[in-house]
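Letters go in sequence order (proteins before strands), and every chain restarts at 1.
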Amino acid sequence: MELEWFVYLSLILFSIGILGVLTQKTAIRILFSVELILNSANINFVAFNSYLQSTTSGTVIDQYMGWVFAMVVIALAAAEAAVGLAIFISLYRNFREIVVANIYELAESEEDE
Amino acid sequence: MAEAEKTLEIIKAFTGDSTADSMILMTAAIVLIPMVAAVLLIAIRYIEVRGKLQVSPLRAAVIGNLSILLSTGISITVLSMYFANYVKGIQTPYIEASWEFIAGTKLEWAFLIDPLSAMMGALLGIIALMIHFYAYDYMRHGEEEVTRFFAFLNFFTGSMWGFIYAGNLFNSLIFWELLGVSSYFLIGYYWYKPSASAAAMKAFLYNKVGDVGFLVGIFLTYGKTGGDLSYTHIFELIHKGELSASTLAVPAILIFLAAVGKSSQFPLFGWLPEAMEGPTPVSALLHSSTMVKAGLLLLMRNFLMLYDVGGFEAVLPDVSIPPAAIITWIGILTALLGALMATTSTDIKRILAFSTISQLGYIASAIGAGGLSPAFFHLISHATFKSLLFLCAGAVIHNLHHVQDIREMGGLYRHMKWTAITMGIGLLALAGFPFMSGFVSKDAVILSIANSDIPFKEGAQAIGLLTAAITAFYSTRMFYVVFLGEERYDKEKIVPHASSKLMLFPLITLASLVVIESIWFSIGLIAHLAELELPEIFLFEGFLGNMFGVHTPTDGALQGIIYSTIMVFIGMGAAIYFYKINPNARESIRSSLKFFEDFINNRFGVDIAIFWFVDHVALPIGNAFKTFDSVVVDGLVNFFGRTASLAIADFSDQFDQKVIDGIVNGSAYSIKYSVQRLRKLQDGIVGDYAKFMILGIGMLLLVFNLFFGKLALF
Amino acid sequence: MVEFFDFFFVINALFIVFSGLGVLFAKRVMQSALSLIFTLVGVANVFLLVNSEYLWVIQVSVYGGGIAVLLLFAGRLTSNEEDHFSFDRSDFLISFLFVLLILANLFVFISKSIPSQRGNIYTTDNGQLLLRQFFTNIWQANQGLGVILPFIALMFLAALLASVKLAIKEDE
Amino acid sequence: MSDSPISSFIQQVSDLAVQAISSFIPKDLKGGLPLMLVTIAIGSYIMILQLLGPFVERKVMARQQGRKGPYYVGFRGILQIPADLGKLLFKEDTRPENADWFGFFMSIYLIGLTSIMSFAPLPFSKALVGGNMSIGILYVFAIFSIFPPAMFIGGWASNSKYALIGGFRSAGQLLAYEIPMFLSILGVIGVVGSFSLIDMTEYQILNGWFMFKYWGFGLLAALIFYVAGLAETERIPFDIPEAEAELVMGPRTEFSGWRYAIIMMVEYVHLTVNSLLFIYVFFGGYDFWPFGKSNNPLIESWRHNELVQVATITIKFFLFVFFATTVRTAFPRMRIDQLLSFGWKQLLPASLVAMLGILFFAGVFS
């Protein structure tokens with residue numbers, strides 16, 4: 001088990017997430033994809049944290065920085081999910097759907113040319 | 001004697017003297033209580049006007065009377081404390097305190113207690129209390145707006161108190177103007193009568209002429225005293241010699257102009273007879289101790305600006321036209337003219353008004369002659385008997401259902417005995433019957449003129465004596481015509497009756513006050529003549545002089561007394577002769593002096609001259625300025641506005657349209673042209689933007705990988 | 001030598017990747033959410049592999065418990081009955097190419113820059129010790145890191161307020 | 001073996017197989033016969049608890065309601081529960097027509113798997129424990145937190161409105177009561193300084209049970225934990241998700257056969273685990289002497305006897321089953337809004353107060 005493995009795993013998960021963000025139609029699935037991206041970042045944080053713990057006799061910050069950052073990311077995701085739920089529900093109430101491509105009220109319509 | 005140092009020593013209050021402290025606070029309370037009551041009454045009046053409430057006259061009167069009673073009590077307390085401390089020698093004559101009014105300047109709320117203000121405050125309190133008491137009975141019959149009346153009366157009294165206790169010129173000016181405005185309201189109390197509103201306007205405008213002088217005088221003084229207008233500070237400077245009377249001559253004359261307006265001296269006395277349009281209590285208050293005395297008080301306060309004081313002597317300052325001389329001559333002239341006008345007048349209140357003018361002239365001339373103590377002496381006695389006289393006249397008028405012409409009275413002694421007696425006492429004092437208060441004080445005034453350094457002082461003295469005779473004449477005439485002789489009033493409509501007890505109470509009180517004063521003053525006079533050694537308090541004038549620190553020499557006192565006694569008896573005898581013994585002689589003299597009588601009745605043409613001046617000098621100048629403004633200034637403005645600025649505007653308009661709009665429109669067109677092609681990319685779908693972003697990141701990474709190789713991350 | 005943890009890592013990585021793809025391609029939103037839960041648990045197991053038990057707990061309880069329920073609610077409350085996954089082919093292909101570009105570049109990048117050191121990635125059997133150290137040192141670490149915990153708290157507060165605001169606004 | 005090609009091939013293949021199989025077992029677990037025995041012991045013990053718990057509950061409930069309860073199967077009906085289980089296992093497994101296959105399938109697996117996994121760190125004596133891991137009680141909570149989404153998925157996948165509403169309610173309720181539950185034990189964790197349940201119990205052996213300490217704050221925390229635990233197990237009076245009168249059986253409505261058996265098992269597993277957690281955290285764990293260190297050497301020796309410890313915890317467990325049953329028979333059901341507001345508005349602040357009180361009186365702040 002090497003550091004590279006974790007980084008590659010993270011990379012693949014990240015790519016899946018990016019692909020999801022690009023191709024998904026509904027906002028909620030895009031949010032799922034964003035969670036995947038965040039998790040890939042977390043994998044990197046934790047893996048590098050362990051790597052630094054084992055290789056360096058650095059300061060406390062060097063040894064636990066990754067964990068703290070991972071926790072911050074998780075908290076961020078929780079907050080994001082809470083706000084996201086509210087946004088989705090209000091979107092759904094207004095448009096009766098949350099397909100992102102169909103919600104473009106701010107865009108200028110074609111007839112205004 | 002160390003008295004000089006003691007009297008000249010000036011001490012600011014709050015130097016640890018708790019008595020002084022509390023006295024100053026009491027002073028503030030004296031001023032504030034009537035004001036607060038006035039505001040309360042005005043509020044009640046407002047509610048009344050809105051129809052929410054109807055307040056009975058009694059309640060309004062109670063509020064007004066109570067506030068005045070309270071203030072009077074406090075003022076008498078202040079006086080007694082002051083005198084107690086003074087007699088014991090504990091305390092200096094000047095107690096002053098000030099509160100900041102405008103931060104960073106010396107313009108402050110200042111209260112000053114000196115003999116002048118302490119005595120005057122107490123006197124005003126007693127008189128105002130009596131008048132308030134009297135006013136309730138006088139006003140309650142058929143008057144609807146008693147609340148308003150008492151509100152303004154309270155306001156008036158409070159303003160006068162504030163003026164009396166004011167500690168610097170600035171503060172004096174404020175209360176001065178409050179006095180003016182409240183007198184305006186009171187004179188115009190019957191506002192629905194055109195004559196009343198005209199009289200109010202006239203009084204206000206005449207006063208304003210003086211006020212302008214006051215304001216300019218304050219400005220000049222302000223510059224010369226380095227920004228501190230406190231009376232004590234000015235005195236200090238004068239005593240130290242940093243300011244001399246010669247440098248203060250102009251402000252002194254300007255301040256005298258203010259006194260001329262307020263105290264109705266020679267050119268500006270026209271408003272005072274007109275002010276009789278107000279209710280009689282107002283006249284009593286206004287003539288006795290409030291408004292007209294304010295100007296004289298102001299002069300007394302600024303006495304050292306008129307005179308240099310050397311030791312105990314007032315010395316005429318070394319100025320080309322000394323203000324003191326002007327004041328004396330104008331004062332004595334006013335006295336003569338007022339007396340003459342009183343002689344020919346037939347309106348009972350106007351006779352008293354003209355006599356007021358005359359007595360004010362006496363006081364002013366005494367001030368000018370350096371007789372500060374005689375002036376204040378006469379001021380006190382005049383305030384007392386004049387308020388008494390007006391109240392009596394009011395009682396008579398009230399009884400006769402608002403008949404004011406003395407020719408329609410007569411024989412009233414039978415019906416209103418007490419009124420006649422009290423009025424007789426007052427008239428005796430006015431006439432200067434020997435050993436009455438008026439006699440003593442008037443004598444002191446004439447003596448002070450005789451002993452002064454005024455140019456042509458002998459002439460002034462003679463005029464003063466002549467005026468005394470005329471005063472005695474018209475006083476006697478008035479008493480005879482009103483109370484004695486045949487009954488000339490309309491007997492079918494009017495049934496005279498004795499004045500009510502409510503009305504009589506103030507009359508008797510004031511009359512007894514006059515009697516007390518007479519006895520007191522006479523003791524002093526006799527003691528002086530007989531060179532007796534009595535306690536200082538009995539020698540009233542000398543007492544005053546000690547307190548003020550300025551003595552008038554008393555040379556020739558006995559001679560003056562003899563002269564004036566003779567003149568008084570001549571005047572009274574003439575009156576009795578012309579009215580009781582031989583009325584036909586009177587009529588013949590009248591017909592022969594018809595022209596002169598008309599001249600007097602026209603007030604010597606002074607008002608006519610003023611009106612002519614306004615019509616033919618002031619208004620044309622004003623119109624000329626107006627024409628200049630409308631033609632030249634407006635023309636210039638319009639010219640620039642119409643032609644020059646229009647041309648500039650046209651040019652800039654063209655520039656704006658051609659150049660700036662061209663640039664703006666051109667850039668807008670080019671941007672629109674390019675944007676119409678680029679906007680296709682912006683389809684409003686976030687996913688598309690994300691794709692482009694990812695593509696960009698990917699290309700960047702590709703570039704890094706291709707051209708920068710291994711990045712030194714570790 | 002194939003070790004247990006290597007084996008476990010590979011199995012777990014496959015689990016993560018496939019369930020991650022399941023998130024993308026599941027037919028219904030709820031299936032997708034279930035796949036997401038599996039992915040999250042898989043990632044938590046990755047944490048377990050590098051001795052981060054505490055993060056495992058956080059990941060499972062916060063992500064797998066809290067956030068997943070929220071997302072499930074969101075999915076259930078906002079999806080129509082006939083809301084099935086669909087994508088158009090050309091769009092997907094373009095996106096896939098773009099992502100592939102990034103993937104390839106990053107792969108090259110990582111392979112050039114990450115050191116290849118075997119055996120160092122996890123340390124055995126000192127999890128308890130590390131955790132204690134973590135708890136005792138987190139405050140010192142926090143001093144160095146500035147205001148991490150207040151920041152988290154503030155972020156939660158902001159999110160709470162924002163969602164309440166949104167929810168209330170819609171009720172008007 | 002000879003050196004024939006076939007045998008050598010077999011040899012190679014078998015070597016590979018041994019290598020592959022042995023790679024599944026961590027190095028320090030190899031050759032773990034004691035471990036195996038312990039596992040078997042713990043498993044059978046849990047099994048017995050699991051089967052006796054519902055029986056005791058039914059019996060007690062019947063007595064409290066004036067009935068006799070299970071009577072016919074086995075001695076005084078003691079085999080009633082295994083009989084029911086067998087019946088359910090052999091029943092036909094039906095699935096609603098439009099049910100989501102994936103969710104319907106996976107939710108049951110998730111629920112069953114996680115509930116059994118939650119037994120891992122629970123010690124039945126000082127030695128008889130699945131794994132004394134550093135995160136101890138946090139592990140239990142983490143595993144428990146998988147339950148709400150799984151239940152929700154199950155409810156949704158049934159394609160039934162009762163099940164769906166039940167799933168919503170279940171998820172909301174569990175989410176609401178997890179937080180006060182965790183906060184109420186946070187004070188104890190702070191005092192002990194460890195998440196391990198064994199450490200907690202040892203601390204209580206030395207210092208007395210937490211429930212009776214800290215001037216009533218321990219009792220307050222214990223009450224909150226117990227109430228929140230009742231809500232977590234979705235039992236009366238907190239059985240909103242499966243309120244029979246409204247929702248038939250809540251999210252469990254469409255499950256039948258072995259799936260239903262697993263769900264029922266999970267319900268009782270939750271009861272068991274919650275009771276045990278309460279016992280470990282507040283009620284002295286496997287200790288029977290609630291006053292801390294004793295001067296009596298007999299008591300001390302008995303306290304550290306493993307068998308006594310197992311017996312203690314068994315007795316305590318059945319005591320708590322009795323409590324839970326009493327609560328079930330005695331209290332009416334709450335409304336959903338009452339339940340949520342009770343959780344968020346009363347229990348949560350109270351748990352914070354309890355935490356601070358425990359920490360204060362334990363001298364953590366000083």
Side-chain angles (χ1 to χ4, degrees), chain A residues 1-9 11-13 15-16 18-20 22-26 28-29 31-33 35-36 39 42-43 46-47 50-51 53-55 60-61 64-65 67-68 70-72 74-93 97-98, chain C residues 5-6 9 13 16-17 20-21 23-24 29 32 36 39-40 43 46-47 50-52 55 58-59 62-63 66-67 70-71 73-75 77-78 87 92 95-96 99 102-103 106-107 110 114 116-118 120-123 134 137 140-141 144-145 148 152 155-156 159-160 162-163 166-167 170:
Chain A
M1 214 160 41
E2 298 173 26
L3 181 61
E4 272 180 289
W5 295 13
F6 289 88
V7 179
Y8 289 143
L9 173 62
L11 177 59
I12 292 167
L13 198 56
S15 303
I16 292 171
I18 290 282
L19 190 63
L22 291 188
T23 56
Q24 295 300 331
K25 295 288 188 289
T26 57
I28 184 143
R29 282 176 179 240
L31 186 63
F32 291 171
S33 310
E35 301 289 348
L36 291 184
N39 271 286
N42 264 3
I43 291 175
V46 177
S50 278
Y51 173 77
Q53 267 180 4
S54 60
T55 53
V60 175
I61 296 173
Y64 298 103
M65 184 83 117
W67 287 5
V68 172
M71 274 195 282
V72 170
I74 291 171
L76 182 82
E80 176 205 314
V83 178
L85 175 61
I87 290 173
F88 295 155
I89 288 171
S90 58
L91 266 183
Y92 187 70
R93 282 187 193 154
E97 63 181 0
I98 51 168
Chain C
F5 284 114
D6 292 353
F9 178 84
I16 288 171
V17 169
L21 288 172
V23 171
L24 260 62
V29 177
S32 171
L36 181 68
T39 316
L40 298 174
V43 173
V46 172
F47 295 163
V50 288
N51 274 320
S52 305
L55 273 183
I58 297 266
Q59 173 89 2
V62 176
Y63 246 129
I67 298 176
L70 275 182
L71 294 178
F73 272 22
L77 288 173
T78 59
F87 61 89
F92 181 81
S95 306
F96 187 71
V99 172
I102 285 188
L103 187 66
L106 280 178
F107 192 84
I110 289 165
I114 299 286
S116 181
Q117 282 172 300
R118 188 180 168 78
N120 272 337
I121 191 62
Y122 73 97
T123 51
F134 180 64
N137 292 339
Q140 300 172 25
L145 288 169
I148 289 296
I152 294 173
M155 198 168 65
F156 269 121
L160 202 65
S163 35
L166 278 169
E170 286 301 320

Side-chain heavy atoms of C:F73 within contact of A:I89, under 4.5 Å: no
Under 4.5 Å from a heavy atom of chain C, the part of A:L11 involved: both
Steps toward side chain to side chain contact (heavy atoms under 4.5 Å, CB included) verdict (C:F96, A:L22): CA-CA 9 Å; C:F96 187 71; A:L22 291 188; over 6 Å; no
Contact class of A:I18 relative to chain C, heavy atoms under 4.5 angstrom: both
Heavy-atom proximity to chain A below 4.5 Å, by part of C:V62: side chain
Close side-chain approach of C:T39 to A:E35, heavy-atom, < 4.5 Å: no
Gap separating the CG atom of C:L21 from the CG atom of A:L13, nearest 0.5 angstrom: 9.5 Å
Chain C contact via A:I43 - side chain, backbone, both or neither, heavy atoms under 4.5 Å: both
Nearest atoms (heavy-atom pairs only) where C:I67 meets A:A77: CD1-C, 3.7 Å
Which portion of A:L76 sits near chain C, non-hydrogen atoms under 4.5 angstrom: both
4.5 Å side-chain heavy-atom contact, C:I16 and A:N39: no
Nearest heavy atoms of C:L24 and A:R29, plus distance in Å: O-NH1, 3.3 Å
Contact class of C:L103 relative to chain A, heavy atoms under 4.5 angstrom: both
A:W5 and C:F9 aromatic ring geometry - parallel, tilted or perpendicular at 30°/60° bounds: tilted
Between CG on residue C:L71 and CD on residue A:E80, distance to nearest 0.5 Å: 8.5 Å
C:G20 versus A:I16, closest heavy-atom pair with distance: O-CG2, 3.8 Å
